[in-house]
Amino acid sequence: MKKTIVTIAMLFLLASVVLLAQDKPVPAVAGVYYQASSDLSRLELATSSGFKTSGVAKAAFSYGVAKVKGKWLYGNPAAIVQLQERRPVFTLVSQMDISTQAIALVRLDVKKDHREAEYCEASVWTGAKIEDKNVVPLTVTRIPNSNNLTIIPQADLPAGEYLLIADQGKGYDGYDFGVK
């Protein structure tokens with residue numbers, strides 16, 4: 001009997017801790033935040049520093065059979081924010097409604113002095129298609145009674161550089177971070 005009461009008391013205590021953890025206040029300032037130890041830390045907005053194409057000459061000499069590729073460029077070989085967690089939890093705070101389907105996480109290719117996100121591939125014969133080979137699967141859920149979203153990768157992220165895109169209609173501007 002005594003063990004049962006202690007077990008029930010422990011379950012109530014655990015449930016109240018979980019409920020209190022879920023009721024943490026969400027920041028009022030719009031942006032993307034990640035769970036760092038016990039607080040939320042804000043990610044910086046990364047804007048593309050340019051766009052480059054490759055394969056144009058090849059496509060011209062092959063009468064359009066070869067494909068032209070386009071890539072968004074980002075300055076610096078690494079983001080300022082470097083995370084230790086392999087499956088970070090993000091919170092998108094927004095004053096406007098954002099579809100859960102408009103969120104994407106893209107793994108960036110690291111070069112000597114910059115990072116790249118492959119965006120499209122085009123050919124005279126096959127047309128243009130948006131690339132998604134570096135898109136990481138996510139679980140995106142709406143926080144009840146708000147426009148805010150919780151974003152979690154479906155699997156552990158390998159070490160590398162990433163860009164979390166909150167509105168795919170604006171090109172590849174988003175929130176960059178690295179995983180060590």
Side-chain angles (χ1 to χ4, degrees), residues 27 29-34 41-83 85-140 147-180:
V29 177
V32 172
Y33 298 81
Y34 69 96
S41 294
R42 189 166 188 219
L43 292 177
E44 290 297 319
L45 183 63
T47 302
S48 172
S49 60
F51 189 80
K52 81 173 186 179
T53 58
S54 60
V56 175
K58 222 180 197 182
F61 288 122
S62 68
Y63 299 103
V65 173
K67 294 180 167 91
V68 176
K69 293 191 179 218
K71 297 180 181 187
W72 291 104
L73 305 176
Y74 298 89
N76 301 319
I80 294 171
V81 175
Q82 295 291 314
L83 306 177
E85 299 88 13
R86 293 287 181 177
R87 197 176 299 184
V89 175
F90 299 99
T91 301
L92 171 73
V93 177
S94 178
Q95 274 66 44
M96 52 190 253
D97 189 27
I98 294 179
S99 170
T100 57
Q101 297 174 10
I103 307 301
L105 181 61
V106 178
R107 184 171 177 152
L108 299 172
D109 296 325
V110 178
K111 303 299 179 185
K112 186 171 114 179
D113 61 347
H114 67 281
R115 294 163 292 157
E116 300 177 348
E118 192 164 316
Y119 179 66
C120 64
E121 183 177 84
S123 162
V124 171
W125 304 105
T126 61
K129 77 173 190 178
I130 304 299
E131 287 290 311
D132 63 356
K133 70 177 186 173
N134 289 336
V135 174
V136 177
L138 298 171
T139 300
V140 181
N147 292 327
N148 304 331
L149 304 174
T150 300
I151 305 161
I152 304 170
Q154 290 181 0
D156 288 355
L157 299 175
E161 294 291 315
Y162 296 88
L163 184 70
L164 183 62
I165 303 164
D167 182 4
Q168 293 176 341
K170 291 175 146 181
Y172 266 21
D173 290 349
Y175 299 87
D176 65 343
F177 64 95
V179 173
K180 293 181 180 183

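For the numbers below, each heavy atom of this structure counts, side chains included, while hydrogens, waters and symmetry mates do not. None of the values given here were measured: they were computed from a predicted structure.
Within 6.0 Å of the CD atom in Glu44, the count of heavy atoms belonging to other residues, nucleotides or ligands does not exceed 12. Other residues, nucleotides and ligands contribute only 12 or fewer heavy atoms inside 6.0 Å of the CD1 atom of Ile80.
Between Ala159 and Lys180, the shortest heavy-atom distance links the atoms CB-C, 3.9 Å. Contact detail for Ala79 and Asp176: the closest heavy-atom pair is CB-OD2, 3.5 Å. The two residues Arg107 and Gly160 have their closest heavy-atom pair at NH2-CA, 3.9 Å. Closest non-hydrogen pair, Val179 versus Arg86, comes out as CG1-NH1, 3.8 Å.
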Under the side-chain contact (heavy atoms from CB on, under 4.5 Å) rule, what do Leu83 and Tyr34 come out as? Steps first, then yes or no, please. CA-CA 9 Å; Leu83 306 177; Tyr34 69 96; 3.2 Å; yes
Applying side-chain contact (heavy atoms from CB on, under 4.5 Å) to Ser48 and Tyr74, what does each step give before you reach the verdict? CA-CA 5 Å; Ser48 172; Tyr74 298 89; 3.9 Å; yes
message = For Thr150 and Val89: C-alpha separation, side-chain torsions, deciding distance, then whether side-chain contact (heavy atoms from CB on, under 4.5 Å) applies.
response = CA-CA 7 Å; Thr150 300; Val89 175; 4.1 Å; yes
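How far CG of Leu163 is from CG of Leu105: 8.0 Å, rounded to the nearest 0.5 Å. Within the model, atoms CG of Leu92 and CG of Asn148 stand 7.0 Å from one another, a figure rounded to the nearest 0.5 Å. For the atom pair CZ (Arg87) and CD (Gln154), the distance works out to 8.5 Å, reported to the nearest 0.5 Å.
A heavy-atom distance below 4.5 Å is not found between the side chains of Ser94 and Leu149. Side-chain atoms of Val32 and Ile151, non-hydrogen and from C-beta on, never get closer than 4.5 Å to each other. Contact of the Glu116 side chain with the Glu161 side chain is not registered, since no non-hydrogen atoms from C-beta on lie closer than 4.5 Å. Residues Lys71 and Tyr119 form no side-chain contact, since every pair of their non-hydrogen atoms from C-beta on lies 4.5 Å or further apart. When side chains are defined from C-beta on, Leu108 does not count as touching Asn134, because their heavy atoms never get closer than 4.5 Å. Residues Leu157 and Phe177 form a side-chain contact, since some pair of their non-hydrogen atoms from C-beta on lies under 4.5 Å apart. Residues Leu164 and Ile103 have side chains in contact (heavy-atom distance under 4.5 Å, counting atoms from C-beta outward).
For Tyr175, there are no ring-ring contact (aromatic ring centres under 6.0 Å, His included) partners at least two apart in sequence or on another chain.
Looking only at distances, a side-chain donor or acceptor of Ser49 sits under 3.5 Å from a matching main-chain atom of Leu73. Of the possible donor and acceptor atoms, none in the side chain of Arg115 sits under 3.5 Å from a partner among the backbone N and O of Trp72.
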